[in-house]
Structures are given as C-alpha cells and as structure tokens.
Amino acid sequence: MGIEKHRNILDYTLLSLLRRKFKNIGIILVFTFVIFIVGSILFLSYSFKREAYLILKGSPEIVVHRMMAGRHELTLLSYMKDIIEIPGVSKVEPRYWGYYYDSMTKANYTILSMGETVMKTSRLLKGRLPEINEKNSAAIGKGVARARFIDIGNVFSLQSADGSQMVFNIVGIFETDSELMTADLIVLSESDFKRLVKMPEGMATDLAIYVYNETEALTVARKIRERFPDSRPILRDEIIRTYDAVFGWRSGLVLTLFIGALAAFIILAWDKATGLSAEEKQEIGILKAIGWETSDILEMKFWEGLVISLTSFLPGIILAYLHVFFFGASLFAPALKGWSVIYPEYRLAPFINFYQVATLMAITVIPYIASTIIPSWKASITEPDIVMRG
Amino acid sequence: MRRSSIFFLLTALKILIIIALFVHSRIELSNRMTLWKDLEGIVSTLKLTDMALFTDARYARHPTQADLFSAFQDYPGSIEHFPTGTIVPPPEFDSVETVIKIK
C-alpha cells in the first residue's frame, strides 16, 4: 500500500507535467544543455590534466635555464661540472632545442637534438631516431609530415643560420598516437642542430638535471640557484603544476558559449523559485479541496523536481561524455586549437572524476528540486479556497 | 503501462548507458597503459617538457619554459593575441608585493 501510494502520486505528477508539456520540455532542453556544456568542460579539463600528469612524469627532474637581462639565454656547458658535484645529483645533460619558423607553410616547428640515443626505436616511431653524430638525418612529428607532405625516405630542407640550405633525409616519423607530444618536432643529431642554428661551442639551450632522490629536487634546485644566481631551475613538479593550471583555466570562448545557457537556466529556476503560476496554484487548491494532505502535495512537487532534473541530468552527462571522448570535443575545438598551422590529432583518454560529477549533480539537481518544493509548500499550507481564488 | 513504470524504465536505461560508458572508460584506460609508458619513454629520451598542443607562439608551445613574468610576453597581464589565451591563463601575481600609493 505504502509504495503504491507513492507510485500513484508519481503517476499523477507525470500526468500533470504532460499537461504543460511545452513549458516542461523547454526546461528539460535548457537544463540538459547546461549539464552538457559544464560536463564537457569538466571531462575535457580533467582528462587533459591526468594525461599531462601521466606523460610528463618522464620529463627531467630539473631543467636549468640561464637568464640574461630577464631573457632566456644559452647556458654554458661549464655549469655542468659544478652542478654534478652538488650532493644528490645523479646526472647532468645538455638540452639542445629551439624553434624554426617555416615561411613556406607558415608553421612553427620545435627543433631539438638528442644526446646519447637510449631509445633508437619505439612503438610510437615509424623508422628510427638519428644517431648522435649522424649527418643530414631527421625524425619528424606527424604534424610536420602533414604540413610538408613528406614521408620516410623523402628529403626536406631547412635554412641554416648562415643562410645555406641544409637537406635532411627523413629516417623516422612519430606515430599518430604520440601527436600530443611530438606533432611539431624535428629531431636532429647534435652536430646538425648546432650547424643549423650556428650554436657557439661550449653552449647548450639549457641543462637537464637528474637526482637520486626525487624529494631532494627542491634542495638541489635551491643549491643550483645559490651557486649560479643567473640560473632559473624549473622543477618537474612545477611543469606538471603548470599544466594543471593551464587546463584548470576555463574561461574565454568556452565560458562565453556557456554563459547564455547558464543565464537562461538561472532565469527559469528563478521564475520557479519566486512563485507558482495561477494554474499551478489552482491545481494545489483543488487537490487540497479533494482531500490531499500537505505532505502529498510536497511529495508531488518533489517528484516533479526529480523527474525534470533527472530527465535532464542523465542525458546531459551521457551527451557530454560522447562529445568529449567520442567526437573529440568538436564543439570546443576552435577554442582549443588556436591559430597555429600544426594541430596535433589526438583522442582524449576517458578519465572520469566522480567527485566533479557528484558536485555538478549537487549544484544543479538539488537546488532545482528545492526551488520546485518551496513555493508549493507556501501554497499548500494556505486554505484551499484562498489558493484557488488566487 | 503505467506512466511511472515508463519513467522508471527510461531512468534505468539511462543509468545503464552511464554504467556502459563507465566500463568503456575503464577498458580504454587500461588499453592506454602501454601507450602512456611508450610516451613517457619518448618524453624521457627526448627530454621533453611540454605538450605540442598549441604551436602558435613560443610561450604557448612551451608554457612551462616561458619567461617568468608573463604568459603573453608583451607585458604582464596583456591581452593575448591568440585564441590560446582562452586556455592558457596569465601568470599569478600573488607573490608580487609592490604597492602603489596615491597621495
């Protein structure tokens, strides 16, 4: 009997909602859209954060830049001798990297050379990486290959700092799965890199420092800073934190997209919270007059809020998941891509943060149900004839 | 069929879809374990520090290696010329303690 009574009230609620179907369908559509947009932003940013964390774990523990006049300057290799003597430092390696603006394709490439080749091949690399002193060979990212229409075995040229053209054989291309990290890379041998950018002897772009115990990285960084006041150590933790901040930044275009829907939703919720329509008041009066208790009316209104919010929330979350992880967040793609020529193609890993989903549910479903119940409670404690007369 | 039964059925169906998406997420993530290991290998071999998400400018390509004082180079807090600025935030100035007093 108990459950049957609740089902009867739910049946009546659904009938009542269907009587005002256009208004309710409107609310459901806006509500679903709001959940879809917010859900998509949450899924997208969380997935990027997690992915950045998992991948950038492989970055050097400390990167040391040399600063001059507030700008990043080439680092002296002589620093390495002093840094390796700092207790806790296991290895110091120079990094050679920079940018190359390709005026033909108007793309900006990241050029880098590798020191000792530890990994010659990888599942994510078609072909191989150039050897340390191999001349005129390069491995490139998929984005560069697309921009230049080149493949393994082809040649391409870059203009060196002295104006001459340097020709490179493509010995490797990074696979699509790695584009998030490698799309715009051109990996050269150390000697070719130095020749291309005319790097002076005894210099490197910056230094990569490895420590025995990761917890000592901060102390090591402090010691490097003390010994070389013109240096700027960047910890791996800071690198990961930067990406946390980058993807936590939810504003601009994405927010602008969402703000219209949010405003519409707030107006709707406000409209419901501030009072019932004459029709709804009349309905409550009639129900009271035919013997419904105040608690029954509140239950009916609770069901009404729950039906609308669940009918909106669940599809909103499902659509957000499909949008981000099956369709690559195509709605936000223009904001994400920027103005560059080289776009990495990637499929986001479907990380779900249940805490965020639960919070989203708590800040949308519960206030909506509350905004449905409170004005009805006011009407249902008033005498039926007064309510019916308005 | 009663309206409440239809409502419960539809809600159950949606919950089932969500459970299916959750299972999809778990399977996808476990399939990607090797991919992340390989990517970490590439990152560590090439000593990479940044994702190749935005290649429109130096500070967008390598946000972790950019100058300390600005994300957007020209002057601190300047408006970004690229849409990337909608994603990459300006730096935090919490540590700046300069106070300008107007008398």
Side-chain angles (χ1 to χ4, degrees), chain A residues 7 10-11 14-15 52 54-60 63 71-72 93 95 99 107-108 110 112 114 118-119 122-124 141 177-185 187 208 234 238-239 242 245-246 249 251-254 307 310 314-315 317-318 321 335-336 338-340 342 344 349-352, chain B residues 2-8 10-11 14-15 17-18 21-22 24-26 28-29 32-58 60-69 80-92:
Chain A
R7 283 196 67 178
L10 175 59
D11 277 332
L14 291 167
L15 183 70
L54 284 167
I55 298 169
L56 293 171
K57 276 195 307 191
S59 299
V63 172
R71 281 170 172 268
H72 179 203
E93 284 183 352
R95 293 203 313 156
Y99 303 98
N108 202 31
T110 299
L112 74 137
M114 32 192 314
V118 183
M119 179 201 77
S122 158
R123 200 176 60 80
L124 297 175
D177 275 350
S178 71
E179 277 198 50
L180 206 54
M181 298 306 296
T182 62
D184 69 335
L185 292 188
V187 183
I234 301 166
E238 287 174 323
I239 291 174
T242 302
V246 165
W249 177 257
S251 69
L253 210 57
V254 176
V307 167
L310 275 188
L314 298 177
I317 283 290
I318 293 170
Y321 187 96
L336 276 170
W339 283 0
S340 39
I342 294 175
F351 282 105
I352 304 173
Chain B
R2 287 172 68 168
R3 285 187 188 86
S4 55
S5 307
I6 297 172
F7 169 71
F8 285 131
L10 285 176
T11 307
K14 281 176 253 175
I15 291 171
I17 294 174
I18 289 179
L21 292 179
F22 174 70
H24 166 264
S25 146
R26 293 287 111 181
E28 267 290 293
L29 293 182
R32 285 191 185 216
M33 281 315 212
T34 34
L35 172 67
W36 286 318
K37 276 271 160 254
D38 290 340
L39 267 176
E40 201 189 321
I42 286 183
V43 167
S44 116
T45 304
L46 300 179
K47 302 187 216 50
L48 302 178
T49 52
D50 286 87
M51 290 177 149
L53 274 174
F54 321 108
T55 57
D56 32 13
R58 284 181 299 160
R61 172 62 179 88
H62 290 98
T64 68
Q65 311 291 300
D67 287 339
L68 272 176
F69 52 89
E80 162 72 310
H81 339 286
F82 301 108
T84 309
T86 56
I87 312 292
V88 182
E92 284 183 16

Short side-chain to backbone donor-acceptor contact, A:S59 and B:L48, under 3.5 Å: yes
Checking heavy atoms, do the side chain of B:R2, its backbone, both or neither come under 4.5 Å from chain A? both
Quick check: do [X] and [Y] have side-chain heavy atoms less than 4.5 Å from each other?
X      : Y      : answer
A:F351 : B:E28  : no
A:K57  : B:W36  : no
B:V43  : A:M181 : yes
A:V63  : B:K47  : no
A:Y321 : B:I18  : no

Pick one of side chain, backbone, both or neither for [X], based on which atoms fall under 4.5 Å of a heavy atom in chain B.
X      : result
A:I234 : side chain
A:L112 : side chain
A:L15  : both
A:A52  : both
A:V187 : side chain

Interface residue of largest heavy-atom contact number with chain B, from [options], under 4.5 Å:
options                        : result
A:A183, A:A349, A:G141         : A:A349
A:L314, A:I317, A:T182, A:L310 : A:L314
A:L56, A:L10, A:D184           : A:D184

From B:R58 CZ over to A:H72 NE2, what is the distance, rounded to the nearest 0.5 angstrom? 10.0 Å
Top contributor to chain A interface from B:I17, B:T11, B:L35 [non-hydrogen pairs under 4.5 Å]: B:L35
Ranked by heavy-atom pairs below 4.5 Å to chain A, first place among B:L39, B:L21, B:L10 goes to B:L21
Carefully, step by step, assess A:D11 and B:S4 under the rule side-chain hydrogen bond (donor to acceptor under 3.5 Å, both in side chains). CA-CA 5 Å; A:D11 277 332; B:S4 55; 3.0 Å; yes
Taking all non-hydrogen atoms of both residues into account, name the closest pair between A:P60 and B:T49 and its distance. CD-CG2, 4.4 Å
Looking at every heavy atom in both A:L54 and B:E40, which two are closest together, and how far apart are they? O-OE1, 4.0 Å
Residue pair A:R7 / B:S5, side-chain donor-acceptor N/O under 3.5 Å: yes
